[in-house]
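Below: one structure, written as structure tokens.
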There are 2 protein chains.
Amino acid sequence: MNSQHFSTKERILGAAEQLFARLGFAGASLRQVTAAANVNLAAVNYHFGSKENLINEVFRRRLDELNAHRLQALDEALKKPESGLEHLLGAFIQPALDLSQDRGGGGAFVRVLARAYAEHNDALRKFLSDNYGHVMKRFHAAFAQRLPDLDKEELYWRLDIVAGALTYAMADFGVIKRKTGVTEQQHRERAAEHLIRFAAAGLRAP
Amino acid sequence: MNSQHFSTKERILGAAEQLFARLGFAGASLRQVTAAANVNLAAVNYHFGSKENLINEVFRRRLDELNAHRLQALDEALKKPESGLEHLLGAFIQPALDLSQDRGGGGAFVRVLARAYAEHNDALRKFLSDNYGHVMKRFHAAFAQRLPDLDKEELYWRLDIVAGALTYAMADFGVIKRKTGVTEQQHRERAAEHLIRFAAAGLRAP
DNA sequence: TCCTAGGTAAAACGAGCGTTTGAATGCTAC
DNA sequence: GTAGCATTCAAACGCTCGTTTTACCTAGGA
């Protein structure tokens, strides 16, 4: 069992991620979370202070690593001067794809992310903006450089559409049923290709 | 006040829509809803039977009309044989745009729709599929006819991406701050143009 | 060995939840 | 007028919520 190998904090974070993905932040109770994590109810408030803080930490645990990978992939893409939109989109999507495939419930996290997108929760938005806004700024600048003919407002619009499409599509990976004989991993990689092709064409639209 | 002109049922539906958009289905309580609607708490269970049923009725009230308009617009688009992807996309988007602009809180409803999209609530999905699945089927067929070179799987993927992008973008209309001197209506119409252009390019991607 | 600090445990707190009840209303038809 | 029905109302139901309290356990340093 998880109980043996992971600390109480880690088990709470893992269980919270799963339940937030399935039931939402308001819909999942701390009693459900602590029962799934096999820890005492009071452990959440002891280790995290409050439910809202737990929610933030669920994001921080994944996003620190995810956004580091994204920036790293962006840097590599920018080194090669011949790299096009597809490479920038890949630098954004591929780390999320890797995360969603890894052991330990990364797949649940992308669904949590989609929920956060749909929620217009101000506290959560501020937390995300404060901690990860700089990543979006860097991608925005990179796209602006590759799409010099697009005026700022148009680029803003299109990137917003792209972000929404990506977030939704990532969260829905499990829903579009894959053909038999296609592994989960092949399915996800194919999804990423489709996403990138679609988004690149949309960004290049006249 | 609303209290004068609308029935108890209508006031409950309106208040529920607003609060579901802001707080989510689990996050908004019947006490908040009935207080905002200026009706007695028990009125919800009297008129709707349960909270879950109220949620369904919030959808039905808007979607009956919205999807009727969409099918009507689709029929008109299909009459003109020279109509392209943009017209089909317009038939899908414009009615939603009109709804989001109307008096009486249609703007809140598109955000409720985005929440429903992010929720993978099985009961809600079944309700939507049962009641409005035929609309999506008709649009799917229309797109398939205009994109004969795309194989079925690829079209499936792309329409899924389009639906996600549209849903999120519609819900986010209020978030992208508009330039000064641009009316709310102009802002939304411009948004629809951007969406259609982006989606059409994405669908046509090689 | 005792002490201490960090962690866990069970139990309870008050508040709010969805739902139900039963009496009080208002309205329509006779 | 009054009977009958639909609606509204205040109150309460049992339950679950996030949080707090208090006691207990168990290393590790003095």
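First the proteins, then the strands, lettered A, B, ... as listed; each starts at 1.
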Does A:Arg70 come within less than 4.0 Å of A:Asp75, counting only side-chain N to carboxylate O?
no
Any salt bridge (charged side-chain N to carboxylate O under 4.0 Å, His left out) involving residues 85-100 of chain A? Give me the pairs, sequence neighbours left out, ordered by first then second residue.
A:Glu86-A:Arg204
N/O donor-acceptor pairs under 3.5 Å from side chains in residues 27-35 of chain A, not counting sequence neighbours:
| from | atom 1 | to | atom 2 | distance (Å) |
| --- | --- | --- | --- | --- |
| A:Ser29 | OG | A:Arg31 | N | 3.4 |
| A:Ser29 | OG | A:Gln32 | N | 3.1 |
| A:Ser29 | OG | A:Gln32 | OE1 | 3.4 |
| A:Gln32 | OE1 | A:Ser29 | N | 2.9 |
| A:Thr34 | OG1 | A:Leu30 | O | 2.8 |
| A:Thr34 | OG1 | A:Arg31 | O | 3.3 |

Does anything in residues 37-59 of chain A pair up under salt bridge (charged side-chain N to carboxylate O under 4.0 Å, His left out), and if so which pairs, sequence neighbours excluded?
A:Glu57-A:Arg60
Are A:Phe92 and A:Phe139 close enough that their ring centres sit under 6.0 Å apart?
yes
Side chain to side chain contact (heavy atoms under 4.5 Å, CB included) between A:Leu203 and A:Leu159, intermediate numbers included:
CA-CA 8 Å; A:Leu203 288 172; A:Leu159 286 182; 4.2 Å; yes
Counting N and O atoms only, with roles assigned by atom type, does the side chain of B:Arg115 sit under 3.5 Å from a partner on the main chain of B:Arg22, one being a donor and the other an acceptor?
yes
I'd like a list of close polar pairs between nucleotides 6-8 of chain D and the protein, N/O only, cut-off under 3.5 Å.
| from | atom 1 | to | atom 2 | distance (Å) |
| --- | --- | --- | --- | --- |
| D:dT7 | OP2 | B:Tyr46 | OH | 3.0 |
| D:dT8 | OP1 | B:Thr8 | OG1 | 2.4 |
| D:dT8 | OP2 | B:His47 | NE2 | 2.8 |

Between the side chains of B:Arg197 and A:Glu154, is the shortest nitrogen-to-carboxylate-oxygen separation below 4.0 Å, so that they form an ion pair?
yes
Nearest-Å distance for atom pair CZ/C1', residues A:Phe48 and C:dG7
14 Å
Rounded at 0.5 Å granularity, tell me how far CG in B:Asp64 sits from CG in B:Asn131.
7.5 Å
In whole angstroms, how far is the C1' atom of C:dG7 from the CD1 atom of A:Ile12?
11 Å
Protein-nucleotides 23-25 of chain D N/O pairs closer than 3.5 Å?
none

Is it true that A:Glu10 and A:Arg61 make a salt bridge, defined as a side-chain N closer than 4.0 Å to a carboxylate O?
no
The contact string for nucleotides 12-19 of chain C, one letter per nucleotide 5' to 3', using protein heavy atoms under 4.0 Å with B, S and - for base, sugar-phosphate only and none, comes out as B----BBB
